[in-house]
Protein chains: 2
Amino acid sequence: MPAQPARGDLVPSAVLGLLGTRGPLSRAELARQLGVSPATVTQITKALLARDLVVELDQVPSHGGRPARRLGLASTGWGAIGAKVTADHVALVHVALDGSVTGSSVHAFDPDAPHALDALAVLLRDAVESHDGHLLGVGVGIPGAVDSQDSGTVEAPTLGWSEARVGRALRSALGVPVLVENDVNTLAVAERVYGVGRDHGSYLVATIGRGIGCGVVIDGALYRGAYGGAGEIGHLPMSVDGPACACGGQGCLEAYIGQAALERAARERGITDDGIDALRLAADQGSADARALFAEAGAMLGQALAGVVHTLDPEVVVLLGEGITAWQYWEVGFAASFRRHLMPSRRGTPYRIDSWDEDKWALGAAALVLASPFDQTGATGDQGSLVRERLHAGPSA
Amino acid sequence: MPAQPARGDLVPSAVLGLLGTRGPLSRAELARQLGVSPATVTQITKALLARDLVVELDQVPSHGGRPARRLGLASTGWGAIGAKVTADHVALVHVALDGSVTGSSVHAFDPDAPHALDALAVLLRDAVESHDGHLLGVGVGIPGAVDSQDSGTVEAPTLGWSEARVGRALRSALGVPVLVENDVNTLAVAERVYGVGRDHGSYLVATIGRGIGCGVVIDGALYRGAYGGAGEIGHLPMSVDGPACACGGQGCLEAYIGQAALERAARERGITDDGIDALRLAADQGSADARALFAEAGAMLGQALAGVVHTLDPEVVVLLGEGITAWQYWEVGFAASFRRHLMPSRRGTPYRIDSWDEDKWALGAAALVLASPFDQTGATGDQGSLVRERLHAGPSA
DNA sequence: GACGCTTTATTTAGTCGCAAACTATCTGCA
DNA sequence: TGCAGATAGTTTGCGACTAAATAAAGCGTC
């Protein structure tokens, strides 16, 4: 833990990143947001202005003092590519620095195939080559544990990957910085840059969908755990025995309210045999059974998240994931359960639902790259430094 | 989040603290332990040597290179006072920088009394005045939530305290730095300096006793949560309904395996009416019922801690608390349950039992002060800076 | 016992970012 | 009109720490 971490030009990158993700800001605003002194911002921006990376825009009307002169990025051509890997496809998005999606695609993918990593590399190389503008890097979201964003060695049972050297393989194939991270954590990072992280330093991002996951952000930094496995709330033990879970345990949260569990329950209760979408449709059409099933799941989620809140005491909990589209039915059970299982002093802990669309996973992966200018903890490693270097070098390519 | 936090002379304090808590070290060792460059250590130690705060000791035989010259503290007269406040007494210890106890005492205390804070201040003032050597500060451990170590405003239902301004009151009464912290967190900090924290950056300290608690240390820093309430695992919801808990909820972990719950179960099962010590005695004497009761508690603790491990992915879990004296009986249920509820990839997470004696709570509180030279996060606030200042000023008083 | 290797400690030159003092420019109020 | 107060931005000098080069002092080995 270096007192002053060896980080090449972190603040300039952070300035560029902030201007890119938040739009034009005054110097004073930059200083406040980044927690550095105004003096430093003056120095940094002076250099960036001289190098034409930043331009002085308009002057905003005063609020009882000298008017602020806003700064903006000289070039808005910066962007990143995000990829989300699942058991049957890869979703790709091209994202600009401000978070806007400039293109997206979905590709069939078989992670069990002999040269799956090579196939992934090919997919991504095409995307890199077709990228319009100056590419800062590629972010990859994986449903599994990643030892570090930097090395990107992956343990992902659902993909059949063990000790897969995803980061290394892609890096050498693509020639641009590649950051690999657990998929839920990418969403947490995205919230840091574009969502709740603007107003809160410590929060949880819980996802409901195929699995149940949780990203932990503490004081603005993603907490990954000792071995990159923090936030595995899908396997919180909810009962001593209970249904068998894919992880080998019994009574895991996911074995109760994961997508597969809900689909099985829907079958057993005679609601539908056609999967989760049909179940939601049934609820939409007024099926009391379907609604009850979601409400029960919501209640259990509430109980589990109450426990996590007791453990971590976050400022706010964000709920996300593909399952969130049925949230109105989950909430019926969740709201009461969550409050009831919280101790009185925590009962005020707010939760928020973010909007969802299919791109969001991949978008989160791209956010990994776009957030790396803000990384003060070194979590992004060498690849993060490379991203900052490219940002620093300017859109010359 | 300042990139370079405003901290007055942090490294010199850390050097002194490290020499005090770990004994003589070479410069190279100091550099490695503190994560600073050898150059810095040379500069710092040069200054400290010049001011006679540090002395050069012997030269240790080489291991294939230039022999290391070890440095030690010139004065070992530094110490701190630790206080643990409970519902019926206050335990005090005087502790030297190296963690050795130089004196201890226990005083009756009624936190519900009208001027309880004043009474506490009187107790502590006597201790401060009678302290032998140079006092760095006073640490106070409280069974409740503390907003920050610095301000020390306390929310402690078990003491009947709400918004009690403990820190402020004691500070003005004592005239030395006062750090206030949740009691479990003080143990976590003590482990950081004297225990498992020497070898591990991220760990949990779980306590069993009157309550069930947990301290969270992440990358060497105590994680306190957004409102100082992290680690309240005593109120993890273990079931949808279940026994009523003092917190107002139902089915909390503590309502199953806290001291009061165990004592009630012992009564109901006809094992003993005489409290927890009698229960352990019964187990010692071979009572199968008593042993089963502990084993059941252990099993539930294992399940709960497995969940916490899934959430936080620590390197190691340390078990502590006054209840740990009966650990041999807990363990029967704990070991299997903990492993069984962990997912395969976490099943290797080790747990350790620390020895226990009654001073340990107060000792933890003292460690709060003795660890403040290592605080890089600013968690100790102004009071921490004051401690560092006193350390820096030398044992002149 | 000369050479290479390892580890420890120091020196030097330089970077990063801060605090403090300052200037600049506006609002509001008497 | 003029001054207090607020907010924005700049300049200057400095403290803390680093990286890189160097010196110091031992070990092993042929």
Side-chain angles (χ1 to χ4, degrees), chain A residues 1-16 18-19 24-50 54-72 373 376 378 385 388-389 392, chain B residues 1-16 19 24-50 54-71 373 376 378 385 388-389 392:
Chain A
M1 293 148 268
Q4 178 166 10
R7 45 182 160 54
D9 290 326
L10 199 140
V11 178
S13 320
V15 167
L16 291 172
L18 206 61
L19 290 177
L25 294 168
S26 72
R27 291 173 178 80
E29 192 69 22
L30 283 167
R32 280 191 294 267
Q33 297 265 343
L34 294 175
V36 300
S37 74
T40 302
V41 174
T42 291
Q43 305 293 354
I44 299 295
T45 53
K46 195 192 288 177
L48 293 176
L49 281 163
V54 154
V55 288
E56 202 154 84
L57 302 171
D58 49 352
Q59 185 160 315
V60 297
S62 152
H63 257 269
R66 171 174 174 174
R69 278 173 296 170
R70 295 199 308 165
L71 301 173
Q376 298 188 349
S385 304
R388 289 193 286 275
E389 231 168 72
H392 217 175
Chain B
M1 294 149 267
Q4 177 166 11
R7 44 181 162 55
D9 290 327
L10 199 138
V11 178
S13 321
V15 167
L16 291 172
L19 290 177
L25 295 168
S26 73
R27 291 172 178 80
E29 193 68 20
L30 283 167
R32 280 191 294 266
Q33 297 264 344
L34 294 174
V36 300
S37 74
T40 304
V41 174
T42 291
Q43 304 290 357
I44 299 294
T45 54
K46 195 191 289 179
L48 293 176
L49 281 164
V54 155
V55 288
E56 203 153 84
L57 302 171
D58 50 351
Q59 186 163 317
V60 298
S62 152
H63 252 270
R66 173 173 173 174
R69 278 174 294 170
R70 296 199 307 167
L71 301 173
Q376 298 188 349
S385 305
R388 289 194 285 275
E389 232 168 69
H392 217 171

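The figures here come from the full heavy-atom set of this structure, side chains too, leaving out hydrogens, waters and symmetry mates. Model, not experiment: these values are computed from the prediction. Just so it is clear: chains get the letters A, B, ... in the order the sequence lines come, proteins before strands, and each one is counted from 1.
Look at CD1 on A:I44: it is 8 Å from C1' on C:dC16, rounded to the nearest Å. At whole-Å resolution of the value, CG in B:L10 and P in D:dC17 are 7 Å apart. The distance from atom NE2 of B:H392 to atom C1' of D:dA16 is 12 Å, rounded to the nearest whole Å. The distance between atom CZ of A:R70 and atom P of D:dG9, rounded to the nearest whole Å, is 11 Å. Counting to the nearest Å, the P atom of C:dA9 and the CG atom of B:L48 are 15 Å from each other. Atom-to-atom, NZ of B:K46 to C1' of C:dT12 comes out at 11 Å; the value is rounded to the nearest Å. Here the P atom of nucleotide C:dT8 and the CD atom of B:Q43 are 19 Å apart, to the nearest Å. To the nearest angstrom, P of C:dT8 lies 15 Å from CG of B:D58.
Applying the side-chain hydrogen bond (donor to acceptor under 3.5 Å, both in side chains) criterion to B:S37, with sequence neighbours excluded, gives B:T40. Checked against side-chain contact (heavy atoms from CB on, under 4.5 Å), A:R70 has the following partners two or more places apart in sequence or in another chain: A:P24, A:D58, A:V60. Remark: A:E389 engages A:L386 in a side-chain contact (heavy atoms from CB on, under 4.5 Å) (not counting sequence neighbours). Listed by chain and residue number, A:A28, A:E29 satisfy the side-chain contact (heavy atoms from CB on, under 4.5 Å) test with A:R32 (two or more places apart in sequence, or in another chain).
Of the candidates A:L30, A:V55, A:L57, A:L30 is the only one forming a side-chain contact (heavy atoms from CB on, under 4.5 Å) with A:L71.
Note on B:S37: a side-chain N or O is less than 4.0 Å away from OP1 or OP2 of D:dT18. Considering only side-chain N and O atoms, B:T42 lies under 4.0 angstrom from the phosphate OP1 or OP2 of C:dT10.
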List every contact pair, protein side and nucleotides 4-8 of chain D side both N or O, where the distance is under 3.5 Å.
from, atom 1, to, atom 2, distance (Å)
D:dA6, N3, A:G64, O, 2.9
D:dT7, O2, A:R66, N, 2.7
D:dA8, OP2, A:R32, NH1, 3.3
D:dA8, O4', A:R66, O, 3.1
D:dA8, N3, A:R66, NH1, 3.3

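Among the heavy atoms of the strands lying under 4.0 Å from A:Q59 are primed sugar atoms or P, OP1, OP2 only; no base atom is included.
Judged by closest nucleotide on DNA chain D, A:V41 is the one of B:P12 and A:V41 placed further toward the 5' end.
Annotation: salt bridge (charged side-chain N to carboxylate O under 4.0 Å, His left out) contacts involving residues 34-43 of chain B, sequence neighbours excluded, are absent.
For the atom pair A:L25 CG and A:T45 OG1, the distance stands at 12.0 Å (nearest 0.5 Å).
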